[in-house]
Structures are given as C-alpha cells and as structure tokens.
**Q** 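One structure follows; several queries about it will come next.
Here the structure is a predicted model, which is why all the values come from computation and not from measurement. Heavy-atom basis, side chains included; hydrogens, waters and symmetry copies ignored.
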Amino acid sequence: MNSGRMEAFSDGVLAIVITIMVLKLALPNDVDWPDIYKLGPTMMAYVLSYIYVGIYWANHHHLIGVTKTISGTTLWKNLHWLFWITLVPAVTEWVGTHPFSPIPTLFYGFVLLMCSITYHFLQRDIVTHLSHDYSEFSGLNRDLKGKISIIAYLIAVPGSLFLPLVSYLIYAAIALTWFIPDTRLEQLFGEE
C-alpha cells in the first residue's frame with residue numbers, strides 16, 4: 001500500500017481527536033474570576049493533551065515521509081497506535097474535571113503510556129523495514145528518548161495513585177523532551 005493513504009487516514013484521525021478535545025471544553029456560565037479560575041485544570045489538561053497529539057502528528061509525519069510503501073503489519077500497528085490516541089479526549093476530559101484525583105490521573109497516564117508503546121512498535125516496524133533497504137537506517141532503532149519516555153510513564157502511572165501532581169509533572173516533562181524533534185530522518189533524507 002502507498003504510505004500516503006496511511007498518512008492521510010492518520011492525519012484525519014488526529015484532526016478529529018483534537019476537534020473532539022476542543023468541543024469537550026465547557027466554558028463557565030458566569031464571567032467572574034472564581035468561575036474562570038475553576039476552568040484552569042481543564043484548560044491545562046487540554047493544552048497538555050493538545051501538545052501530545054501535536055508531537056505525535058509531527059513525528060508520524062516525519063516517519064511516514066521516509067517510506068513509500070506500507071506493509072499490512074505496519075497498517076495494523078498504526079491502527080493500534082491510533083486506537084490509543086482516540087482515547088486521549090476521554091481521559092483529558094476526565095482529568096480536567098477531576099484534577100489531581102488519583103484514578104483519572106492513572107488512566108490518563110496509562111493512555112499516554114500505551115500511545116508511547118504502540119508508537120514505539122510502529123516506528124520500529126517502519127525503521128526495520130527501511131533498514132533492509134538502506135543500511136544507514138540500522139541505527140535508528142536505538143530510540144533512547146522513546147525508551148526513557150516509556151520508563152518514565154511506568155514510574156508515573158502507578159505513582160499517580162500516591163502523588164498525582166508528581167505524575168502530571170512527569171507527563172509534562174516527557175512532552176517537553178519531545179518538543180525537540182528527532183532529526184535523524186531529516187538528516188538521512190535531507191527532508192525539510
């Protein structure tokens with residue numbers, strides 16, 4: 001299959017995820033500062049989730065941009081990753097309405113963990129396929145930042161039952177580390 005079809009489908013799903021998240025935002029009925037202040041946790045959850053979806057979109061774009069064909073296995077790995085991404089609006093709304101509650105924080109982190117794990121396997125699948133065609137791709141499977149992120153989630157998710165605020169800080173720190181994109185693909189292919 002042409003990689004463009006998978007990328008277009010994934011782009012559509014990610015656009016819908018972001019749209020659902022913004023539609024779930026409920027503005028306060030009153031316009032006084034206490035009511036606006038109450039909206040803070042919901043907005044923070046939205047911003048963090050938006051950043052996560054944006055990071056995944058950018059990385060997915062770069063990853064798919066270096067391959068021309070996609071195998072059936074890759075399609076299923078992409079769908080598995082998209083499954084977890086589509087749960088982001090639900091857990092974002094939950095943590096936004098119950099800030100710093102252990103159970104919503106745990107489920108939010110679990111969904112982020114599963115997004116990370118499934119994306120890691122999707123990336124590994126594509127890079128392994130490319131390594132057969134191009135020897136310069138062999139080092140790309142040493143995804144240190146991805147592996148460290150998964151370990152951080154594995155600490156933050158159960159930790160959310162005891163210290164939800166610390167877990168949120170870990171989730172935010174992981175997002176910050178991904179703001180600096182992995183430029184190895186662009187360096188290999190001279191992509192802009």
Side-chain angles (χ1 to χ4, degrees), residues 1-28 39-99 104-105 107-127 129-130 143 145-146 149-150 153 168 171-186 189 191-192:
M1 169 190 266
N2 182 303
S3 64
R5 291 195 64 204
M6 186 177 92
E7 183 177 22
F9 178 77
S10 300
D11 285 352
V13 170
L14 294 172
I16 291 168
V17 165
I18 286 176
T19 302
I20 290 170
M21 284 191 318
V22 77
L23 291 175
K24 292 283 189 176
L25 291 176
L27 298 176
L39 188 61
T42 301
M43 286 302 297
M44 289 173 52
Y46 169 76
V47 168
L48 183 60
S49 295
Y50 184 93
I51 289 168
Y52 265 106
V53 173
I55 289 168
Y56 277 117
W57 175 80
N59 285 308
H60 190 265
H61 169 73
H62 290 301
L63 183 64
I64 301 306
V66 298
T67 186
K68 301 299 176 225
T69 60
I70 299 296
S71 70
T73 303
T74 305
L75 283 175
W76 283 107
K77 288 180 180 180
N78 192 68
L79 285 170
H80 190 196
W81 167 67
L82 288 172
F83 169 80
W84 291 103
I85 287 286
T86 61
L87 293 176
V88 170
V91 293
T92 299
E93 182 180 19
W94 200 17
V95 297
T97 55
H98 301 285
T105 306
F107 277 94
Y108 183 77
F110 181 74
V111 167
L112 293 178
L113 168 67
M114 293 308 298
C115 288
S116 181
I117 289 171
T118 55
Y119 188 83
H120 174 78
F121 285 119
L122 171 64
Q123 176 179 296
R124 188 178 181 99
D125 181 74
I126 290 173
V127 169
H129 173 73
L130 290 171
D143 180 23
K145 191 163 48 168
S149 296
I150 291 170
Y153 287 124
Y168 283 120
Y171 303 152
I174 293 168
L176 285 174
T177 64
W178 284 98
F179 257 87
I180 302 166
D182 187 348
T183 59
R184 295 176 295 175
L185 291 173
E186 289 95 345
F189 278 92
E191 186 179 280
E192 294 179 9

**Q** Looking at L75, T118, I117, which one forms a side-chain contact (heavy atoms from CB on, under 4.5 Å) with H80?
**A** T118
**Q** Quick check: closest heavy atoms across A175 and L48, and the distance to 0.1 Å?
**A**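 Scanning both residues completely, I find the closest heavy atoms to be CB-CD1, 4.1 Å.
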**Q** Mark yes or no for whether Y108, through its side chain, and E93, through its backbone, hold a donor-acceptor pair below 3.5 Å.
**A**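 Checking the backbone N and O of E93 against the side chain of Y108, no donor-acceptor pair under 3.5 Å is found.
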**Q** Short question: side chain of S49, backbone of Y46 - any donor-acceptor pair under 3.5 Å?
**A** no
**Q** Is there a side-chain contact between H120 and I150 (heavy atoms, below 4.5 Å)?
**A**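 Yes. Closest side-chain heavy atoms under 4.5 Å.
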**Q** Can you name the closest pair of heavy atoms from T42 and T97 and give their distance?
**A**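 Distance-wise, the nearest heavy atoms are OG1-N, 4.2 Å.
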**Q** About how many Å separate CG of L112 and OG of S149, when rounded to the nearest 0.5 Å?
**A** 10.5 Å
**Q** I want to check something: taking the side chain as every heavy atom from C-beta on, are V88 and Y52 in contact at a cut-off of under 4.5 Å?
**A** no
**Q** Measure across K145 and T177 and return the closest heavy-atom pair with its distance rounded to 0.1 Å.
**A**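 Shortest heavy-atom separation between K145 and T177 comes out as NZ-O, 3.2 Å.
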**Q** What is the distance from atom CZ of R5 to atom OG1 of T69, rounded to the nearest 0.5 Å?
**A**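 That separation rounds to 14.0 Å.
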**Q** Taking the side chain as C-beta and beyond, is there a heavy-atom pair between I51 and F179 under 4.5 Å?
**A** yes
**Q** Y56 versus S116: any side-chain heavy-atom pair under 4.5 Å?
**A**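 Yes, side chains in contact.
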**Q** Which atom names give the shortest non-hydrogen contact between I70 and S3, and what distance separates them?
**A**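 Nearest pair, atom of I70 first, then S3: CG1-CA, 3.5 Å.
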**Q** Within the distance-only criterion (no hydrogens, no angle test), does the side chain of Y171 pair as donor or acceptor with the backbone N or O of T105 below 3.5 angstrom?
**A**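 A pair under 3.5 Å: yes.
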**Q** CD1 of I64 to OG1 of T74: how many Å apart, nearest 0.5 Å?
**A**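 The CD1 atom of I64 sits 8.0 Å away from the OG1 atom of T74.
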**Q** Can you tell me how far the CE atom of M114 sits from the CG atom of L87, to the nearest 0.5 Å?
**A** 10.0 Å
**Q** Are the side chains of Y168 and M44 in touch, meaning some heavy atoms are under 4.5 Å apart?
**A**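 In short, these two side chains do not touch, never coming nearer than 4.5 Å.
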**Q** Taking the side chain as every heavy atom from C-beta outward, state whether L79 and F9 have any atom pair closer than 4.5 Å.
**A**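 Touching, per the 4.5 Å side-chain cut-off.
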**Q** For residues P99 and G96, report the shortest heavy-atom separation together with the two atoms involved.
**A** CD-O, 3.8 Å
**Q** Where do L39 and A26 come nearest, in terms of heavy atoms and distance?
**A** CD1-O, 3.3 Å
**Q** For a 4.5 angstrom cut-off between non-hydrogen side-chain atoms, does W84 reach Y119?
**A** no
**Q** H60 versus N78: any side-chain heavy-atom pair under 4.5 Å?
**A** yes
**Q** Looking at OG1 of T92 and CE of M21, how far apart are the two atoms once the value is rounded to the nearest 0.5 Å?
**A**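 T92 atom OG1 to M21 atom CE measures 5.5 Å (nearest 0.5 Å).
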**Q** Measuring from atom OG of S10 to atom CG of L122, what distance do you get when rounded to the nearest 0.5 angstrom?
**A** 8.0 Å
